Amino acid sequence: GDGGGEPAVPAGDYLQTLVEKNPWALYRGTEDIRGHRVAVLDAIRSVPELLAEASPQLRADPEVVCTAAAQDGEVLRYASAEVQDNVDVVLVAIRSSPRALRFASPRLRGLRAVVLEAVRRNALTLQFASEELRGDHELVDEAVKLNPHALMHASTDLRADKRVICPAIRSNRCVHQHAADTLKGDTEVLVAAGLRAAPPDLS
């Protein structure tokens, strides 16, 4: 006959060879190539962003996403919702690029251990944490110690809390602007910012 069933394996080999020679063959490629696991893995090892071109099934494959995310965490944006909710994959992405936290599922953005992993690498990723964690005194305190400007992403309540505001302002007076309006004219806050002399000690 015409051997219609035979070329399946050679076709796979051909696609793999094509991608090995030029990872960009995946870009706007056929369904065959976008769904070819080995070819896609080869392509994303060279160009992680090509995960965007993989088939939906491969973008839902934790191992495939991990391979790309280990090099560029921000490719987590192309992963399926299920993989964005996979704690192991998200941690790999964050270790590569802390800002990948923004592409994690809402559940994981509310998970303290995950957010802490991002914040310890880049304090400003506090902005991607859940509302509840942006109001977590201990977590915000840690973020602000690493970068006082993280204060702008803290909850309204914490930006009105002198125990958080004053140490942050002492380390960087510019963050006075991030204090809650109710505290901006507060004597203790103004003293911490060096904008007013400390009142005399009358004790």
Side-chain angles (χ1 to χ4, degrees), residues 1-130 132-134 139 142-143 146-147 150 153:
D2 61 356
E6 263 179 38
V9 174
D13 291 345
Y14 161 73
L15 292 174
Q16 192 180 336
T17 307
L18 182 69
V19 168
E20 278 170 7
K21 287 182 179 165
N22 176 16
W24 287 97
L26 192 62
Y27 183 64
R28 294 188 178 159
T30 61
E31 222 173 287
D32 280 359
I33 197 166
R34 289 169 182 243
H36 188 288
R37 195 170 192 277
V38 179
V40 167
L41 281 166
D42 277 341
I44 62 177
R45 281 187 189 108
S46 304
V47 186
E49 296 78 18
L50 285 172
L51 180 65
E53 301 297 320
S55 68
Q57 290 89 334
L58 291 181
R59 285 185 281 118
D61 181 322
E63 189 193 342
V64 170
V65 176
C66 255
T67 301
Q71 298 171 77
D72 178 0
E74 303 240 359
V75 301
L76 188 63
R77 74 176 80 194
Y78 306 123
S80 68
E82 195 180 325
V83 172
Q84 290 174 339
D85 191 48
N86 178 316
V87 69
D88 297 325
V89 176
V90 168
L91 287 173
V92 165
I94 284 170
R95 285 170 190 142
S96 158
S97 169
R99 290 179 62 83
L101 178 64
R102 68 184 154 154
F103 302 116
S105 67
R107 180 182 78 88
L108 294 187
R109 284 187 279 119
L111 205 60
R112 189 190 179 86
V114 170
V115 172
L116 202 52
E117 191 78 35
V119 162
R120 283 179 173 156
R121 287 169 162 76
N122 177 348
L124 297 180
T125 58
L126 180 65
Q127 66 188 292
F128 307 123
S130 66
E132 188 185 342
L133 287 180
R134 284 186 282 116
L139 182 70
E142 181 147 1
L146 293 165
N147 182 340
H153 303 303

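Since we're looking at a predicted model, the values are computed, not measured. Positions are given from 1 along the sequence.
Taking Asn122 as the reference, Pro98, Arg99, Leu124, Thr125 meet the side chain to side chain contact (heavy atoms under 4.5 Å, CB included) condition, with sequence neighbours excluded.
Closest approach of Leu139 and Arg112 over heavy atoms only: N-NH2, 4.0 Å. Residues Gln84 and Leu108 come closest through the heavy atom pair O-CD1, 3.6 Å. Heavy-atom minimum distance, Gly110 versus Ser130: CA-OG, 3.4 Å. Residues Ala104 and Val90 approach most closely at CB-CG1, 3.8 Å, considering heavy atoms. When every heavy atom of Ala143 is checked against every heavy atom of Ala123, the shortest pair comes out as O-CB, 3.3 Å.
Using a 4.5 Å cut-off on side-chain heavy atoms (C-beta onward), Glu74 and Arg102 make contact. In this structure, Leu51 and Arg59 have side chains that are in contact, with non-hydrogen atoms separated by less than 4.5 Å. Residues Asn147 and Leu126 have side chains not in contact (no heavy-atom distance under 4.5 Å, counting atoms from C-beta outward). Val65 is not listed as a side-chain neighbour of Val75, based on a closest heavy-atom distance of 4.5 Å or more.
Within the 3.5 Å criterion, the main-chain N or O of Phe103 finds no donor-acceptor partner in the side chain of Arg77. Listed for the Ser96 side chain is a donor-acceptor partner under 3.5 Å among the backbone atoms of Gly73. Judged by distance alone, with hydrogens and angles left aside, the side-chain atoms of Gln71 form a donor-acceptor pair with the main-chain N or O of Ile44 at under 3.5 Å. With Glu53 contributing its side chain and Arg34 its backbone, the two residues share no donor-acceptor pair below 3.5 Å.
Atoms CG and CG, from Leu116 and Leu101 in turn, are 11.0 Å apart once rounded to the nearest 0.5 Å. To the nearest 0.5 Å, the span separating CG on Leu41 from SG on Cys66 amounts to 11.0 Å. In this structure, Gln57 CD and Ser80 OG are separated by 10.5 Å, a value rounded to the nearest 0.5 Å. Atom-to-atom distance recorded for Arg109:CZ and Phe128:CZ is 9.0 Å, nearest 0.5 angstrom. In this structure, CZ in Arg95 is found 4.0 Å from CD in Glu117, a value given to the nearest 0.5 Å. Annotation: the span from Arg120 atom CZ to Leu146 atom CG amounts to 8.5 Å, rounded to 0.5 Å.
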